[in-house]
Structures are given as C-alpha cells and as structure tokens.
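Only this structure's heavy atoms are used, side chains among them; waters, hydrogens and symmetry mates stay out. Just so it is clear, the model here is predicted, and its values are computed rather than measured. Positions are given from 1 along the sequence. Numbering of ligands and ligand atoms starts at 1, following listing order.
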Amino acid sequence: MSLEALDRLRSRQALQGIRRLLVISGAPGWCEARATELSERYDGDWLWVSPQPRDGRYCAPGALRRLLGREFMHAVFDARQGLDAEALAALAGTLKAGSWLVLLTPDWRAWPVKPDADSIRWSDTPQPIPTPVFIRHLRNCIEADAHTLLWRQGEALRAADDDRPHWQAASGAPLAGQRAILANLRRMTTGVAVVTAPRGRGKSALAGMLVHSWPGAVIITAPARAATDVLSQHALGRGFFIAPDALLQALEEGTAPHGDWLIIDEAAALPAPQLRRLIAHYPRVLMTTTVQGYEGTGRGFMLKFCASVPGLRHYSLTTPVRWAAGCPLERIIDEMMLFNDVLPEPGRVAFQIKDAPVENLWRSAPALAKQVYLLLSGAHYRTSPLDLRRMMDAPGQRFVTVRGDSAAAAAWLVEEGGLPPLLSFSVWAGLRRPRGNLVAQSLAAHGASPFAAMLKGLRVSRIAVHPRLQRQGYGSCLLAGLSAHARGYDYLSVSFGYTEELWRFWQRAGFQLVRFGTHREASSGCYAAMALRPLTPAGETLVRLQRERLMRDVRWLEREVDEKIPVNAAQASTLNKRDWWELAGFAFTHRPPQASLASLQRLLLNVRLPLPALRAWLEQRQCVTQICATLGLTGQKALRAAWRRETAQALRALNGTRADALMKLLSRVKKFQPQF
Ligand SMILES: CC(=O)SCCNC(=O)CCNC(=O)[C@H](O)C(C)(C)COP(=O)(O)OP(=O)(O)OC[C@H]1O[C@@H](n2cnc3c(N)ncnc32)[C@H](O)[C@@H]1OP(=O)(O)O
Ligand SMILES: Nc1ncnc2c1ncn2[C@@H]1O[C@H](COP(=O)(O)OP(=O)(O)OP(=O)(O)O)[C@@H](O)[C@H]1O
C-alpha cells in the first residue's frame with residue numbers, strides 16, 4: 001500500500017468516525033523515522049507515549065492515567081523496549097474519530113524472545129524477561145485483523161479493509177441513552193446515582209448536561225481538573241469546580257459550598273473513605289466512572305463501594321460517542337486485552353480438582369487459561385491487563401481449577417519464600433526488600449521471626465467461582481483439594497481485603513489470621529488481612545508464632561483500626577524474648593515503626609524514662625507535625641531517628657548487657673549486606 005493510498009484511507013476513516021491501529025515494526029531508528037514521517041503528513045495532536053522523554057506532546061506510560069477524560073487526534077505508542085498493556089488500552093480510549101494509533105514494536109520475528117522492559121513491574125524478577133506468550137497473542141491478533149495496518153521493515157505496508165458507512169457525529173443535544181438518564185436524574189429529590197460505561201460513551205458530557213440544565217447550584221469535583229474539560233464544555237460555564245481534597249477540608253471546617261447536586265467525575269479514582277464523606281454531605285450526588293478491564297479500580301468501585309451505598313441508582317451508557325460503533329481500534333484493543341470475551345457456562349461440575357496446579361497454563365491449555373482469566377477478571381476487582389501479562393509469562397505462577405465443560409472455579413497460586421537465611425534476616429531488619437514474595441517477606445518484615453521468609457509458601461493470589469455457582473461450596477472444594485497438591489511447601493497463604501464474610505470463607509478452609517493491616521486500602525476500602533494454613537511441622541511453628549504475636553498485639557492494633565479484629569486478645573504487658581528482638585531491630589537497624597508498634601507500647605509500660613518522642617506518638621497519640629514542633633525536630637526522618645534513639649536508651653536501661661549483645665549481632669547483619 002502506498003502513502004497516497006494511506007492518505008485516502010485516513011480521509012475516509014475520518015468520515016466513517018473510526019480510529020485505526022497502525023503497527024510499525026523493525027529496527028528502533030527505522031520505526032521512529034516512519035512515525036515522524038506520519039506525524040508530519042497528518043495534522044493532529046500526535047501525543048507520544050514512551051518511556052523516553054521527548055520534545056512536543058509527550059507522556060510516560062505510567063502517567064497516562066492522568067490524561068483519562070482528555071481527547072487527542074493521533075498518537076504514537078512506543079513499545080520498542082516494552083509494552084505497558086494498560087497504558088496502550090487507556091491511550092486508545094482518548095483518541096478521537098479519524099485518529100491513527102501508531103504502535104512501534106521491535107522486529108516482528110524477534111519480538112517474542114526480546115526481554116520486555118515492562119515485565120519488571122509484574123514478573124518479580126530482577127531483570128526484564130522475554131514475554132513470548134503475550135507477544136505471540138498480540139501478533140496473532142494483529143495479523144488476523146483485516147482492519148489493522150502492519151508496516152514491517154523491508155516489506156510493503158499491509159493494506160486494510162475499508163468498507164463502512166459514513167458516521168453522523170453527535171450534535172450536542174443529549175443522545176437517547178443520555179436523555180433517559182437525565183430525565184431520571186432531574187426527578188431525583190435525594191440520593192446517589194452512578195453512571196458507568198466503557199470509554200467514550202458520553203458519561204462526562206451527560207454530567208455536564210445535568211449541570212447546564214439544573215436551575216440551582218451544582219458542585220463539581222474530579223481527581224484531576226484537566227479531566228473535566230468535556231464536562232465543562234457541556235455545562236456551558238455553569239457549575240462550580242472544587243478539587244476533592246479542598247472540598248474534604250472545607251467539609252471538615254464547615255465551610256463547604258452549598259449545592260443541590262455534587263457531581264464526582266471519575267469517582268473510582270478517589271479512595272472509598274473519601275467518597276463516603278463526600279456523598280454524605282450533599283442531598284443529590286452523581287458519580288461517573290469508567291468500567292473496563294484496564295480500569296481495575298473502576299471494577300472495585302462497582303463491586304465493593306456501590307454495593308455498600310443504600311438505595312444507589314445505577315445507570316449505564318453503551319453506545320460510543322467519541323467514535324462510531326464497531327471502531328476497528330476499539331475492537332482490536334478489546335481482543336488483545338480480552339475485554340469483551342464472555343465467560344462460558346460451565347455445565348455439570350464435579351466437586352473435585354481435576355489436575356495438580358499447572359505452570360504455564362497459557363502454553364499447555366490456552367482455552368482453559370482464557371476461561372480462568374475471564375473468571376478472575378469478572379469476579380475480582382483487582383484483575384487487569386497487567387495480570388493478563390503476569391499470568392501469561394511470569395515465572396512461579398500456578399493455576400488450579402474445578403471444572404465441568406469449562407472452568408467453574410479457579411485459583412491462581414504464586415510460589416513464595418525459600419530465601420537464604422541472611423536475606424530473610426535482612427528483610428526482617430528492614431535492610432532489604434527484593435521484588436516479589438508478598439506474604440513471605442511480610443511475615444519477616446512485619447512479623448515475629450527473622451527467618452520466616454526462608455520457609456516455602458504457596459500464596460493464593462486470586463480465587464474466583466463462576467458467578468452462577470457461588471455459595472455452593474466450589475470455592476471451599478478448591479481450597480480443600482489444594483493441600484494434596486502442595487507437596488514441598490510449608491504453608492498456604494492469602495492476603496485479602498478483610499470483610500467478615502470473606503474471612504469466614506478462609507477460616508472454614510483452615511486458614512489462621514496472622515496479620516491485620518492498619519490502613520484501609522484505597523482500591524477496596526478494606527484493611528489487608530493475611531492468613532496461613534500450615535502444611536508441614538515448620539509451617540505449623542511459623543503459624544503458631546505469628547498467631548501468638550497477633551494475639552499479644554491485637555489490643556494495640558485495635559486502637560489503630562475501626563474494625564473488630566477476629567482474634568482473642570492475650571494478656572501481654574511484659575516484654576518477652578521476641579519483643580526484645582523486635583525492639584532491638586527497631587533501635588539498631590531499619591525496621592519500620594509500624595512493624596514494632598505493639599512491642600513499643602509494651603516497652604513504654606515497662607520503663608519509667610521520659611522518652612518524649614515515643615510517648616507523644618504512642619500514649620498521647622499526637623501527629624508527626626505536632627511532635628516535631630514540640631521537640632524541635634525537622635521532620636519525619638528526624639523523628640524516626642529520635643524514636644530509635646529513645647528505644648535504644650530504654651532497652652539499655654532495662655538490661656544494658658542484653659541490649660548491647662543484640663546491637664552487636666545486628667550490626668554484623670548490616671555488615672554482610674554487600675554479599676547479596
Ligand atoms: C485472594 C482473593 O482472591 S480474595 C477474594 C476472593 N474472591 C472474590 O471475592 C471473588 C468473588 N467471590 C467468589 O468468587 C466466591 O464467592 C469465593 C471464592 C469468595 C467463595 O467461593 P464460593 O464457592 O462462593 O464459597 P463456598 O460456597 O465454598 O463458601 C461460602 C462462603 O464463602 C464466602 N462468600 C461467598 N460469596 C461471597 C462473596 N460474594 N463475598 C464474600 N464472601 C463470600 C462466605 O463466607 C460464604 O459463607 P456464608 O454463606 O456463611 O456467608
Ligand atoms: N450528546 C452529545 N453531543 C455531542 N457530543 C457529545 C455528546 N455526548 C458526548 N459527546 C462528546 O463525545 C466525546 C466523549 O464523551 P465523554 O467524554 O463524555 O465520554 P466518557 O464516557 O466520559 O469518556 P471517558 O471514559 O473517555 O472519559 C466527547 O468529545 C464529548 O464532548
């Protein structure tokens with residue numbers, strides 16, 4: 001296909017209201033030259049998304065989230081070093097009708113075996129790894145798609161199918177879907193409504209139309225003001241924008257502006273506790289949010305937050321407005337990321353695990369692997385294209401299913417632990433934090449034993465049951481069958497967003513609670529809980545130790561959280577051997593203060609020294625700024641140093657010989673660090 005033919009295709013695609021993917025594959029310099037040529041040939045914004053900063057409109061892949069809600073004509077996505085799948089999908093959503101999305105890739109044949117820089121974010125390996133399964137999947141999608149252009153170095157540009165009717169862009173008046181929702185919103189006297197849709201369906205425009213047509217005051221908030229451009233256009237100058245943190249502060253001070261409505265655009269990007277405070281204040285609230293695979297939090301928002309708002313009215317928009325229905329770019333992105341694939345019905349399902357946990361499921365049984373991904377992403381708010389990449393290519397992943405005609409329940413397991421003794425000790429001491437090993441490292445870093453990360457664990461990273469089969473025992477059956485397939489591991493583990501309901505599920509499967517976080521997670525609004533099920537005697541000892549520690553600490557932890565922690569508190573006001581270790585770890589190495597919180601509380605009960613920095617924090621519950629101001633400290637870092645100094649002083653006052661012996665031992669651990 002010649003460049004002149006490309007010009008004709010581009011003119012027609014503007015009239016047809018579609019966007020197209022144009023893949024350029026070859027040597028890095030050749031790809032860049034072709035993309036530059038195209039950007040000079042076609043007028044537009046030409047946003048470059050690349051890890052390498054450059055002149056002109058540029059955005060790093062990780063920063064693309066900030067551009068959600070903005071719109072561009074033409075963009076280049078530079079995947080020559082690595083491919084951030086979420087960023088690619090997010091970028092596609094910002095492109096206006098008539099745009100090219102130019103994707104730069106390595107040489108077509110070499111691409112699957114080339115290390116992918118993006119893998120460093122999700123593979124838990126120290127160096128980037130090749131990601132052949134995902135890249136082959138992408139190549140197959142592109143090669144099979146007659147609407148996508150492929151330009152490989154040394155070959156002619158592959159032509160694309162072009163047979164489509166002309167498109168009628170929306171006029172500015174509300175479209176049928178928007179009209180119906182607006183009518184309902186205008187009738188609302190009180191309450192909370194949410195509008196969800198995939199990208200470019202006219203959610204923000206709808207919010208703007210409500211602002212414009214409402215006779216009274218409307219307050220608008222959104223995580224980023226730039227993302228409210230579309231809303232403002234349709235509000236025609238009405239409404240009052242205020243940033244979420246400013247609004248929250250105003251609420252606290254009692255100076256919040258009055259409004260009949262509060263509109264929260266892209267609400268899912270705000271943490272649940274903040275949202276809860278915002279919606280409580282205004283009589284009517286409209287939230288909009290994008291719900292699609294790469295909007296992991298959007299899904300969490302729907303599943304968890306909306307379910308917790310009584311009487312919430314939920315509306316959705318389906319027809320695209322930013323581009324024509326059936327747009328080839330939207331279709332190929334959906335296909336690459338499996339956004340629109342439908343979970344098959346499982347049919348008759350036996351209550352048993354058919355196979356032992358399988359590694360590389362995507363290679364051995366791709367159809368089943370796809371069902372597992374769909375099952376997890378449908379049920380689990382956290383599952384996103386990053387997980388698709390991890391699932392396809394990261395080492396140390398295993399999958400296990402209960403299935404009939406297709407997967408009915410699935411668990412995604414991750415191998416953890418087995419760290420060398422000194423490394424485990426260093427993790428405990430806060431000196432090292434290598435990638436991966438979420439639970440195993442946490443058991444050492446925040447837990448009772450410096451050697452906890454040496455044991456081998458199998459973490460249930462995700463588990464999901466087909467929506468039609470939930471609460472019929474399939475999830476429990478999956479967990480019950482796991483032990484038989486976990487030879488060589490000391491324990492099974494899980495880290496999950498705590499709810500009483502979910503905890504019952506894990507508890508019935510023999511898991512014991514060993515850790516409870518002190519901050520609610522932004523994505524779920526829940527505290528993170530960790531639970532273990534021992535499989536070997538070493539695993540039993542570990543679980544017993546962690547459990548005893550939690551029972552001794554719970555009374556102090558409950559001061560930090562507004563949730564009942566489901567363990568029986570043990571009497572613990574004296575210092576035991578483990579407290580001494582933890583306190584020495586805090587005083588003489590780099591253990592974080594939160595990890596030693598309960599031991600520090602017990603320390604204060606056992607010494608009479610003034611210890612002003614520690615007592616201000618733990619007994620008087622003052623904030624960092626307040627303590628620093630009183631003690632003349634420069635900030636957080638100086639305060640931590642003061643806490644460590646006071647802890648060392650208190651330990652010496654209790655037993656100087658013991659404190660010095662621990663200090664010497666720990667300084668040896670510090671000295672050996674360079675060996676890793
Ligand atoms: C590491 C993680 O993945 S944590 C997140 C777990 N996954 C999810 O929340 C995804 C959606 N939910 C599901 O897929 C399933 O409901 C699972 C995996 C939680 C449980 O599997 P099921 O086969 O439904 O459960 P099973 O019948 O074996 O046991 C019932 C118990 O599971 C728990 N449970 C079932 N459904 C839910 C739910 N939607 N939310 C929370 N807990 C649930 C309850 O404790 C229930 O006991 P109850 O009836 O006394 O309340
Ligand atoms: N009724 C309408 N008339 C004219 N233009 C419209 C109408 N509805 C939406 N649009 C335009 O369509 C585009 C997409 O709309 P909007 O940004 O509201 O969608 P969205 O679902 O919020 O998208 P995103 O998820 O990307 O933020 C915008 O350019 C908007 O101005």
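Summary of contacts: the protein heavy atom closest to atom 25 (O) of ligand 2 is Lys203 NZ, 3.0 Å. Closest to atom 16 (P) of ligand 2, if we only count protein heavy atoms, is Gly202 CA, 3.6 Å. Atom 8 (N) of ligand 2 has Gln178 NE2, 3.0 Å as its closest protein atom, hydrogens excluded (heavy atom only). Given atom 27 (O) of ligand 2, the protein heavy atom at minimum distance is Gly69 CA, 3.7 Å. Counting protein heavy atoms only, atom 17 (O) of ligand 2 is closest to Arg322 NH2, 2.9 Å. Protein heavy atom in closest approach to atom 31 (O) of ligand 2: His234 NE2, 2.8 Å. Of all protein heavy atoms, the one closest to atom 13 (C) of ligand 2 is Glu71 OE2, 3.3 Å.
In terms of polar-atom proximity, Leu469 is not counted as a contact of ligand 1, lacking any N or O under 3.5 Å from an N or O of the ligand. Residue-to-ligand polar distances place Ile463 within reach of ligand 1: an N/O pair is separated by less than 3.5 Å. Residue contacts with ligand 1: Ser476 is placed with a nitrogen or oxygen under 3.5 Å of a nitrogen or oxygen of the ligand (distance criterion only). Considering backbone and side-chain N/O atoms, Arg504 comes within less than 3.5 Å of an N/O atom of ligand 1. Residue Glu501 has at least one N or O atom closer than 3.5 Å to an N or O atom of ligand 1. In terms of N/O distances under 3.5 Å, ligand 1 is approached by Gly473.
Under a 4.0 Å criterion applied to the non-hydrogen atoms of Thr290, ligand 2 contributes the atoms 25 (O). Near Arg201, meaning under 4.0 Å from any of its heavy atoms, are these atoms of ligand 2: 19 (O), 20 (P), 21 (O). Under a 4.0 Å criterion applied to the non-hydrogen atoms of Val494, ligand 1 contributes the atoms 1 (C). For ligand 1, the atoms closer than 4.0 angstrom to any heavy atom of Val460 are 1 (C). Close contacts of ligand 1 with Ala464, meaning ligand atoms under 4.0 Å from a residue heavy atom, involve 14 (O). Counting atoms of ligand 2 from 1 in the listed order, those under 4.0 Å from a heavy atom of Ser204 are 18 (O), 22 (O). Against a heavy-atom cut-off of under 4.0 Å, Val230 is close to the following atoms of ligand 2: 16 (P), 17 (O), 18 (O), 28 (C), 30 (C), 31 (O). The Met209 neighbourhood of ligand 2 comprises atoms 1 (N), 2 (C), with distances under 4.0 Å to a heavy atom of that residue.
Residue contact annotation: Lys96 has no non-hydrogen atom under 4.0 Å from ligand 2. By the 4.0 Å heavy-atom criterion, Gly172 is counted among the residues contacting ligand 2. For Ser461, the closest heavy-atom approach to ligand 1 falls below 4.0 Å. Within the 4.0 Å heavy-atom cutoff, Arg508 counts among the residues contacting ligand 1.
The aromatic rings of Trp503 and Tyr498 lie tilted to each other, with the angle between the two planes from 30° to 60°. Between Tyr474 and Phe351, the ring planes lie parallel to each other; the angle is under 30°, not in the 30° to 60° tilted range. Ring geometry, Tyr42 versus His74: the interplanar angle falls from 30° to 60°, so the pair is classed tilted.
At a 4.0 Å heavy-atom cut-off, ligand 1 touches Phe496 through the side chain alone. Looking at Gln472 against ligand 1, only its backbone comes within 4.0 Å, counting heavy atoms.
When only modelled atom types and interatomic distance are considered, Asp265 and Thr228 share no side-chain donor-acceptor pair under 3.5 Å. There is no side-chain donor-acceptor pair under 3.5 Å between Thr318 and Arg201. Side-chain atoms of Arg164 and Gln16 include no donor-acceptor pair closer than 3.5 Å. A donor and an acceptor atom, one from each side chain of Arg533 and Ser483, are located under 3.5 Å apart.
Note: Arg19 CZ to Ile332 CD1 = 12.5 Å, rounded to the nearest 0.5 Å.
For atom 37 (C) of ligand 1, the choice among Arg471, Arg462, Gln470 with the nearest heavy atom turns out to be Arg471. One option in Ala205, Gly177, Pro198, Pro174 has a heavy atom closer to atom 9 (C) of ligand 2 than any other, and that option is Ala205. Atom 7 (C) of ligand 2 has its nearest heavy-atom neighbour, among Thr94, Thr288, Val321, in Val321. Of the listed residues (Ala197, Ala170, Gly200, Ala173), the one carrying the non-hydrogen atom nearest atom 23 (O) of ligand 2 is Gly200.
For the side chain to side chain contact (heavy atoms under 4.5 Å, CB included) criterion with Arg462, the lone passing option out of Val414, Asp387, Val494 is Asp387.
The nearest pair of heavy atoms linking Trp323 to Cys327 is CD1-CB, 3.5 Å. Minimum heavy-atom separation, Glu416 to Asn437: CA-OD1, 3.2 Å.
Annotation for Arg348: atom CZ does not count as buried by contact number, only 12 or fewer foreign heavy atoms lying within 6.0 Å. In the displayed structure, Asp562 atom CG is contacted under 6.0 Å by more than 12 heavy atoms of other residues, nucleotides or ligands.
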N/O donor to acceptor pairs below 3.5 angstrom from side-chain atoms of residues 390-402, sequence neighbours left out:
unit_1 : atom_1 : unit_2 : atom_2 : d
Arg390 : NH1    : Trp122 : O      : 3.2
Asp393 : OD1    : Val133 : N      : 3.0
Asp393 : OD2    : Phe134 : N      : 3.0
Gln397 : OE1    : Trp412 : NE1    : 2.7
Gln397 : NE2    : Pro395 : O      : 3.0
Arg398 : NE     : Glu415 : OE2    : 2.6
Arg398 : NH2    : Glu359 : OE1    : 3.3
Arg398 : NH2    : Glu415 : OE2    : 3.0
Thr401 : OG1    : Arg403 : NH1    : 3.2

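With sequence neighbours left out, Trp48 forms a ring-ring contact (aromatic ring centres under 6.0 Å, His included) with no residue at all.
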Steps toward side-chain contact (heavy atoms from CB on, under 4.5 Å) verdict (Leu231, Leu206):
CA-CA 8 Å; Leu231 197 159; Leu206 166 80; over 6 Å; no
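Using a 4.0 Å cut-off between a side-chain N of Lys or Arg and a carboxylate O of Asp or Glu, Arg435 and Asp124 do not qualify as a salt bridge. Between Glu86 and Arg389, no side-chain nitrogen of the basic residue sits less than 4.0 Å from a carboxylate oxygen of the acidic one, so the salt-bridge criterion is not met.
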